[in-house]
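Single-structure report; data block below.
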Amino acid sequence: MPVLSAVPFLKPAHLQGPRNSPGRQRRHTLPASEFRCLSPEDAVSVFEIEREAFISVSGDCPLHLDEIRHFLTLCPELSLGWFEEGRLVAFIIGSLWDQDRLSQAALTLHKPRGTAVHIHVLAVHRTFRQQGKGSILMWRYLQYLRCLPCARRAVLMCEDFLVPFYEKCGFEAVGPCQVTVGALAFTEMQHEVRGHAFMRRNSGC
């Protein structure tokens with residue numbers, strides 16, 4: 001399972017202790033912050049965070065538990081979880097899509113030959129909100145997508161009140177989304193993840 005570097009979140013060197021210290025890395029000690037792709041075993045934790053985040057706002061979840069397991073089985077490499085001391089605090093789940101615009105089928109399908117990464121959901125645990133974690137996680141995710149040969153752009157759909165948040169993350173609105181969920185309407189947004197050759201050469205990908 002891919003694990004992304006947590007270098008920006010490591011303790012300062014003077015707090016880490018000597019490199020040869022016996023207690024420097026103990027097997028039972030969990031990393032303070034870790035970014036890694038999710039697995040089907042994480043599905044319940046993911047759903048608990050998502051349910052609390054969305055049910056109170058829209059009355060429904062972008063993904064239900066069986067759909068979370070579905071995507072984490074088919075394309076776990078397109079997910080990213082932020083763990084603090086082993087606890088999931090925020091996550092993104094995506095899949096591949098093979099058309100210019102999202103359609104109703106994009107809600108449930110993963111198109112292995114697609115070049116657009118459809119971001120189904122980003123959610124942060126309630127006790128970690130208002131700390132900028134959603135923006136940081138999205139930034140890390142977009143950097144990660146630049147390492148994937150298949151990814152050309154990231155696409156998502158959101159309600160109008162979330163458009164400013166995603167614009168700050170670098171997304172552009174492309175117009176009303178064809179997808180509707182009940183009475184909810186969405187704006188479709190995209191972010192190019194190619195055309196950053198220098199960044200990729202120097203990203204360790």
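Just so it is clear, the model here is predicted, and its values are computed rather than measured. Starting from 1, each residue takes its place in the sequence as its number. Both backbone and side-chain heavy atoms feed into the values below; hydrogens, waters and symmetry mates do not.
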Pairing residues for Phe128 by the side chain to side chain contact (heavy atoms under 4.5 Å, CB included) criterion, not counting sequence neighbours: Glu84, Arg87, Val89, Val124, His125, Gln131, Lys133
I'd like to check [X] versus [Y] (side-chain heavy atoms, cut-off strictly below 4.5 Å). Are they in contact?
X	Y	value
Phe35	Leu137	yes
Leu162	Met157	no
Leu148	Leu78	yes
Leu96	Cys75	no
Cys169	Phe165	yes
Phe91	Ser79	no

May I ask whether Val174 and Phe161 are part of the same hydrophobic cluster, defined by side-chain heavy atoms of I, L, V, M, F, W, Y residues being less than 4.5 angstrom apart, directly or through others? no
Working to the nearest 0.5 Å, report the span between CG of Leu80 and CG of Leu38. 7.0 Å
Residue pairs meeting ring pair (Phe, Tyr, Trp, His ring centres under 6.0 Å), one or both in residues 94-122, sequence neighbours left out, come to Phe71-His120, His118-His120
Contacts of Arg129 that satisfy salt bridge (Lys or Arg N to Asp or Glu O under 4.0 Å) - sequence neighbours left out: Glu52
Partner set under side-chain hydrogen bond (donor to acceptor under 3.5 Å, both in side chains) for [X], not counting sequence neighbours:
X	value
Glu50	none
Glu167	none
Glu67	none

Which atom pairs, one a donor and one an acceptor, fall under 3.5 Å between side chains of residues 175-189 and the rest of the protein, sequence neighbours left out?
from, atom 1, to, atom 2, distance (Å)
Thr187, OG1, Asp160, OD1, 2.9
Glu188, OE1, Arg101, NE, 3.1
Glu188, OE1, Leu102, N, 3.4
Glu188, OE2, Arg101, NE, 3.3
Glu188, OE2, Leu102, N, 3.2

Would you please classify the geometry between the Phe171 ring and the His191 ring as parallel, tilted or perpendicular, with 30° and 60° separating the classes? perpendicular
Report the residue from Ile136, Ile119, Leu122 that forms a side chain to side chain contact (heavy atoms under 4.5 Å, CB included) with Tyr141. Ile119
Please determine whether side-chain contact (heavy atoms from CB on, under 4.5 Å) holds for the pair Leu109 and Ser95, giving the CA-CA distance in whole Å, both sets of side-chain angles, and the decisive distance to 0.1 Å. CA-CA 8 Å; Leu109 297 181; Ser95 65; over 6 Å; no
Do any N or O atoms from the side chain of Tyr144 and from the backbone of Arg36 form a donor-acceptor pair under 3.5 angstrom? no
Mark yes or no for whether Ser45, through its side chain, and Leu88, through its backbone, hold a donor-acceptor pair below 3.5 Å. no
Applied to residues 116-126, the salt bridge (charged side-chain N to carboxylate O under 4.0 Å, His left out) test, sequence neighbours excluded, yields none
Heavy atoms from other residues, nucleotides or ligands near CD of Glu172 exceed 12 (cutoff 6.0 Å): no
